[in-house]
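Here the structure comes first, spelled out in structure tokens, and everything after it is commentary.
In what follows, residues are counted from 1 in the order of the sequence shown.
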Amino acid sequence: MPKRFLAGKVWADFARDRRANFAVMTALSMPLAITLAAFAVDEGSLYTERRASQSLVDIAAITAAANIDRAEAAVLTTLRDNGIASVAMRDPDTGTLPADATGDTPAVRIVRGHYSPDPAVAAGSRFQPLTQPYNAVRVTLERQGTLFFGSAIMAPPTISTTAVASSRAEAAFSVGSRLAKVDGGILNALLGGLVGGNLSLSVMDYDALIGADVDALSFLDALALQLHVTGGTYSEVLQSKATIGQVATALANTAGVGQASKLALQAIAAGATLGTQIPLSQLIDLGPVARLGLGQRPSGLPIDASAFGMLTAAATLANSSHQVQLDLGTTVPGLVSAKLAIAIGEPPQSSPWLAVGETGTVVRTAQTRLRLDATIGNSASNLGGGIKLLSVSLPLHVEVAQAEARLAAISCPTGRPDSISVSVAARPGIASLRLAESDAAGFADFSKPQSFHDARIAAVSLKLLLLSLDLLGVDGSASATSTNTSPTMLTFDSTDIANKAVKSTPTKNVTETLTLSLVNDLTLSVNALGLGLDVTGLLSTVKPAVVTVLKTVTVPLDTLLYNTLSALGVRIGEADVRVTGATCGRAVLVQ
């Protein structure tokens with residue numbers, strides 16, 4: 001048989017033979033299978049490392065957000081505790097590595113910023129890096145992955161993981177609203193003038209009202225019923241307007257108000273005739289709490305407020321850019337008559353009396369002007385030499401600029417609520433006092449300063465032989481200023497917050513000192529009313545007598561100013577601040 005035929009037959013038999021095919025296919029595909037297996041092992045390893053790295057970054061971000069003032073130390077401690085002993089810190093602004101960093105050293109970048117959980121903002125834009133106030137931290141960790149088989153043909157890839165965590169530390173605080181001494185007559189005249197009615201509350205009524213605290217959210221619940229806002233959020237209530245009568249009625253209907261306070265508030269509501277509606281958003285700013293539905297409460301953040309402070313703050317808002325005239329009659333000891341005019345400037349926009357917010361939130365009082373026209377009793381006296389003091393008048397002007405309180409810091413050093421500390425930077429408003437006369441037309445116009453000139457302080461008579469001059473006028477003016485205007489840091493611990501303690505900025509000048517300095521610095525001149533006589537020699541006799549008479553009313557005058565201004569929520573040279581609730585929040589992942 002030919003060899004060619006035999007060879008063909010062998011190949012044909014081989015082609016038809018199906019034995020040992022699996023072994024052949026295995027041998028042929030083994031290199032590819034080994035390559036794919038190596039790739040799968042490396043890929044699975046990198047995936048596992050990435051998951052572990054992401055979990056580590058999540059923990060680091062949460063820890064950093066919970067300790068935002070020590071974010072770097074918190075992140076490094078977390079990494080060290082999880083086996084990464086050495087890392088290179090990237091610059092938070094530029095992202096550059098230090099010059100001595102090596103390629104295989106893990107790198108971490110820690111960026112503080114502000115996170116706003118606003119659903120109207122895209123999720124990726126809610127974290128704003130390097131934006132204050134800081135309430136969030138973004139942590140990015142870069143480390144080399146591990147290749148078991150692929151390292152022979154490629155460099156290990158860099159695994160980069162990022163996490164953003166936020167912790168919303170918030171506090172509820174207010175400025176103003178403290179009365180240490182109550183004068184029922186002055187408060188009835190003042191509050192009655194502000195609400196537009198006649199009040200006859202007793203000192204006990206005011207004591208009960210001043211000592212009453214209400215839950216601000218319960219107050220808004222009661223007010224919502226009057227405003228027919230049902231089933232909505234607190235934000236919808238705060239977008240509404242209400243009259244003083246509605247505010248007083250809601251306060252009276254708030255749960256927890258004592259019976260005496262309830263009756264006083266009902267009396268005020270019944271006597272309130274002022275129909276001006278005030279924007280509630282200028283009275284209270286609930287911050288993120290405003291998104292809650294009516295009846296809901298924020299966890300761990302009580303929001304209490306002074307009932308009297310809430311009422312007077314609403315009354316001052318209703319009277320902004322208006323003038324209130326009060327006739328105090330003889331309620332001030334030593335004064336025959338006393339007429340008080342009050343003008344309240346419009347408070348700054350977005351600056352309420354009570355606020356709930358994060359670091360940087362500001363509350364302010366309104367700019368206030370007082371003008372007192374008083375006549376001092378028992379002032380007529382013979383000074384000798386034919387000189388007789390007929391009367392002494394007191395034209396006093398007081399202007400107090402806005403005081404403000406800014407939430408500076410909230411911290412929980414141990415992480416427990418009992419370690420919470422709230423710092424508030426309080427800045428008292430500049431106060432100026434003048435014994436002078438002004439243009440009454442510009443009294444309620446806060447867009448420009450008032451102009452002052454000498455006022456008629458006293459009237460005297462002079463008897464020269466057979467000639468009697470009863471029309472000699474003594475004119476003069478004086479001014480004094482409280483200069484304590486730099487912010488003072490007030491710190492409230494958990495006990496202060498629980499007790500709702502009021503803290504004040506230290507003052508360099510008390511009211512009595514300012515008033516007395518006005519009297520001591522008084523400059524006088526004698527006006528002979530066009531008679532052409534030189535009577536300047538009378539000053540050496542008249543001025544001591546006028547100053548003596550004025551000094552007799554400095555103490556009751558201080559009481560009048562103190563009670564009036566304190567009831568309006570402002571103080572000369574001081575700012576009263578109270579923190580009624582605070583929480584450091586819980587650090588949570590947000591991105």
Closest heavy-atom pair, A61 versus A165, reported as atoms and distance to 0.1 Å, is O-CB, 3.3 Å

Next on the checklist: Using side-chain contact (heavy atoms from CB on, under 4.5 Å), reason through V588 and I62 one step at a time and then give a plain yes or no.
Outcome noted: CA-CA 6 Å; V588 295; I62 292 173; over 6 Å; no

The side-chain hydrogen bond (donor to acceptor under 3.5 Å, both in side chains) partners of S494 (sequence neighbours excluded) come to none

Examine distances only and state if a side-chain atom of S218 and a backbone atom of V214 form a donor-acceptor pair shorter than 3.5 Å. no

Keeping the roles fixed (side chain from R112, backbone from I68), state whether a donor-acceptor pair exists under 3.5 Å.
yes

* Would you say F127 and V590 make side-chain contact, with heavy atoms under 4.5 Å? -> no

Interatomic distance, OG1@T359 vs CZ@R168, rounded to 0.5 Å, equals 11.0 Å

Scanning both residues in full, the closest heavy-atom pair of V579 with F492 reads CG2-CD1, 3.6 Å

**Prompt:** Is the count of non-hydrogen atoms from other residues, nucleotides or ligands lying under 6.0 Å from M204 atom CE greater than 12?
**Reply:** no

Interatomic distance, CG@L317 vs CD1@I244, rounded to 0.5 Å, equals 7.5 Å

Taken to the nearest 0.5 Å, the spacing of L433 CG from S479 OG works out to 9.5 Å

Of all heavy-atom pairs linking T276 and A318, the shortest is CG2-O, 3.7 Å

In terms of heavy-atom contacts, V363 and P352 come closest through CB-O, 3.3 Å

query = Does the side chain of L199 come within less than 4.5 Å of I268's, by heavy atoms?
reply = yes

Just by modelled atom types, is the D496 backbone N or O under 3.5 Å from a matching donor or acceptor in the N499 side chain? no

I'd like to know if the side chain of S166 reaches the main chain of A136, judged simply by a donor and an acceptor atom lying under 3.5 Å from each other, with no hydrogens or angles considered.
no

- Measure centre to centre between the rings of F452 and H397, then say whether the value is under 6.0 Å. yes

(Q) For a side chain to side chain donor-acceptor pair (under 3.5 Å) check, start with the C-alpha distance between D576 and S504, then their side-chain angles and the critical distance, and finish with the verdict. (A) CA-CA 4 Å; D576 293 331; S504 300; 2.3 Å; yes

Is the closest side-chain heavy-atom distance between V424 and V422 below 4.5 Å?
yes

Nearest heavy-atom contact between P298 and L217 is CD-CD1, 3.6 Å

| Taking the side chain from S261 and the backbone from A208, do they hold a donor-acceptor pair closer than 3.5 Å? | yes

- Query: Do the side chains of P395 and I457 get nearer than 4.5 Å, heavy atoms only?
  - Reply: yes

Checklist entry - Can you check whether Q239 reaches S281 side chain to side chain, under 4.5 Å on heavy atoms? => result no

| said: Tell me whether R369 forms a cation-pi arrangement with F446, defined as NZ or CZ under 6.0 Å from the six-membered ring centre and within 45 degrees of its axis. | reply: yes

### Task
State whether the side chain of H114 and the backbone N or O of T131 hold a donor-acceptor pair below 3.5 Å, judged by distance alone.
no

Under the side-chain contact (heavy atoms from CB on, under 4.5 Å) rule, what do M89 and L76 come out as? Steps first, then yes or no, please.
-> CA-CA 9 Å; M89 297 286 292; L76 293 178; 3.8 Å; yes

Heavy-atom nearest pair, T583 first then G300, reads CB-O, 3.7 Å

| field | Any Q367 side-chain heavy atom under 4.5 Å of E399 side chain | value | yes

Could you walk me through whether V164 and V137 pass side-chain contact (heavy atoms from CB on, under 4.5 Å), step by step? CA-CA 6 Å; V164 178; V137 179; over 6 Å; no

Sequence neighbours excluded, the answer for side-chain hydrogen bond (donor to acceptor under 3.5 Å, both in side chains) partners of R126 is none

key: pair S421-I410: side-chain heavy atoms closer than 4.5 Å   = no

Rounding to 0.5 Å, atoms CG (L220) and CG (L286) come to a distance of 6.0 Å

Original post:
When you measure from the side chain of S167 to the backbone N and O of C584, does any donor-acceptor pair fall under 3.5 Å?
Top reply: yes

Between the CD1 atom in I284 and the CG atom in L223, the distance rounded to the nearest 0.5 Å is 8.5 Å

Item checked: Donor-acceptor under 3.5 Å (H453 side chain, S438 main chain) -> no

When rounded to the nearest 0.5 Å, the distance separating CZ of F308 from CG of L187 is 5.0 Å

### Query
Counting distance only, does the side-chain N/O of R109 pair as donor-acceptor with the main-chain N or O of P92 below 3.5 Å?
yes

Checklist line | Test: R297 and D221 ion pair at under 4.0 Å | finding: yes

Which of I110, T77, N67 passes side-chain contact (heavy atoms from CB on, under 4.5 Å) with E72? It is I110

Open item on the list: Here's one to test your reading of the geometry: is the NZ or CZ of R371 within 45 degrees of the ring axis of F443 and under 6.0 Å from its centre?
Closed with: yes

Residue set satisfying side-chain hydrogen bond (donor to acceptor under 3.5 Å, both in side chains) with T94, at least two apart, ordered chain then number -> D91, T96

- Item | Side-chain donor-acceptor pair present, N188, Y206, cut-off under 3.5 Å | yes

Side chain K262, main chain A252, donor-acceptor under 3.5 Å: yes

So, R578 and D213, do they make that salt bridge, N to O below 4.0 Å? yes

Next on the checklist: Within the 4.5 Å heavy-atom criterion, are L191 and L311 side-chain neighbours or not?
Outcome noted: yes

